[in-house]
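Letters go in sequence order (proteins before strands), and every chain restarts at 1. The shown structure was predicted, so the numbers you read here are calculated from the model rather than taken from an experiment.
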Number of protein chains: 2
Amino acid sequence: MRSPDQLTVAFRNAGLKVTPQRQLLFRLLHNNSAHPTAESLFVAASAEMPGISLRTVYQTLTDLTDMGELQSIDFGTGASHFDPNVAHHHHAVCDSCGAIHDVYVEEAPRLTGLDGFSVEHSHIVYRGTCAACA
Amino acid sequence: MRSPDQLTVAFRNAGLKVTPQRQLLFRLLHNNSAHPTAESLFVAASAEMPGISLRTVYQTLTDLTDMGELQSIDFGTGASHFDPNVAHHHHAVCDSCGAIHDVYVEEAPRLTGLDGFSVEHSHIVYRGTCAACA
DNA sequence: TTGCAAATTAGCAATTAGTGCAAATAACCT
DNA sequence: AGGTTATTTGCACTAATTGCTAATTTGCAA
Ligand SMILES: [Mn+2]
Ligand SMILES: [Mn+2]
Ligand SMILES: [Zn+2]
Ligand SMILES: [Zn+2]
């Protein structure tokens with residue numbers, strides 16, 4: 001995801017307006033590697049801007065995702081997680097504390113034995129126990 | 001997942017009762033490689049046993065999962081998918097028709113660069129277009 | 001076989017995550 | 001500064017799943 005300043009420009013160029021709510025979320029998401037949920041962002045945003053609505057958080061997350069600034073990932077934990085890192089990468093999820101870490105591997109194994117399936121994308125999820133929990 | 005007959009024994013051994021509803025689901029799941037959802041199983045079950053309740057389908061799926069006969073997988077499609085193949089394997093999901101295929105790869109890439117994270121399990125999801133849809 | 005305790009079913013309420021809608025408000029172009 | 005258009009917000013609503021419980025069924029035991 002680009003910086004708050006760059007997003008400000010990008011939003012205006014797209015005919016979207018730049019509100020204090022959106023600027024706050026730009027800041028909360030920029031360089032955020034925690035893979036937050038809408039709810040956790042809502043809590044963080046509410047601390048700085050009491051009264052911001054959860055609906056607005058969802059709306060802005062959808063906008064950013066549609067613009068390709070954010071990716072939404074479902075780890076089967078109930079809620080979707082949002083990731084400002086839109087480069088191709090994988091994830092390690094701690095079964096104990098729920099922490100999600102970015103993982104870079106050279107290449108996912110080639111798909112064999114499924115004749116005719118053309119792979120467009122692959123995502124590896126590692127599960128186990130993180131260093132802090134061990 | 002074991003055969004309906006073996007499951008019948010296993011359920012009784014576990015102090016669980018074997019009802020017609022459960023036997024039907026044993027049959028519908030045995031050798032089922034479609035990765036069905038609770039809802040799709042409910043539809044299939046209803047065809048053979050009108051009046052069976054969705055609640056019972058969920059309950060039996062939970063029981064089978066708890067017993068390790070089934071695994072529940074979330075592909076981010078809204079509903080959980082159930083897989084009677086509990087061997088370690090991966091999946092290819094068609095973005096066009098939603099079909100889910102089993103995939104066997106020699107080994108997922110070792111996790112490097114995350115010091116101290118001990119991997120217990122890894123799951124690769126390939127997304128793309130299946131042969132039938134191409 | 002029959003009886004009975006314990007488990008199951010099924011219906012409905014409740015929950016969680018997220019979306020649809022519309023009135024009030026705010027951004028920003030001129 | 002004014003007006004058009006987008007945004008915010010609250011609330012109702014959906015989808016998937018779980019909680020609760022009365023009525024029913026299973027399966028051991030007499
Ligand atoms: Mn990530
Ligand atoms: Mn499978
Ligand atoms: Zn941890
Ligand atoms: Zn397909």
task = Between A:L16 and B:F11, just flag the one whose closest nucleotide in DNA chain C comes earlier from the 5' side.
result = B:F11
inquiry  = So if I define the base as every atom that isn't primed, P, OP1 or OP2, how would nucleotides 8-17 of chain D read as a B/S/- string at a heavy-atom cutoff under 4.0 Å?
reply    = SBB-----SS
query = For the residue pair A:H121 and A:H88, is the inter-centroid distance of their aromatic rings smaller than 6.0 Å?
reply = yes
inquiry  = Is the distance from the ring center of B:H123 to that of B:H89 below 6.0 Å?
reply    = no
inquiry  = Same cluster or not: B:M49 versus B:F42, using hydrophobic residues (I, L, V, M, F, W, Y) connected whenever any side-chain heavy atoms lie under 4.5 Å apart?
reply    = yes
query = Roughly how many Å is it from CG in A:D74 to C1' in C:dG18, rounded to a whole number?
reply = 12 Å
key: Length of the line joining B:D66:CG and C:dT8:P, which is rounded to integer Å   = 12 Å
query = Rounded to whole angstrom units, what separation is found between the CG atom of B:L61 and the P atom of C:dT8?
reply = 15 Å
request  = Check the angle between the aromatic planes of B:F75 and B:H35 and answer parallel, tilted or perpendicular using the 30° and 60° thresholds.
outcome  = perpendicular
ask   = Between C:dG18 atom C1' and A:F42 atom CZ, what is the distance in whole Å?
value = 14 Å
query = Can you tell me how far C1' of D:dA6 sits from CD of A:Q23, to the nearest Å?
reply = 15 Å
note = So the salt bridge (charged side-chain N to carboxylate O under 4.0 Å, His left out) pairs with at least one residue in residues 125-134 of chain A (sequence neighbours excluded) are A:D95-A:R127
key: Qualifying salt bridge (charged side-chain N to carboxylate O under 4.0 Å, His left out) pairs with a residue from residues 24-42 of chain B, counting only residues at least two apart or across chains   = B:R27-B:E48
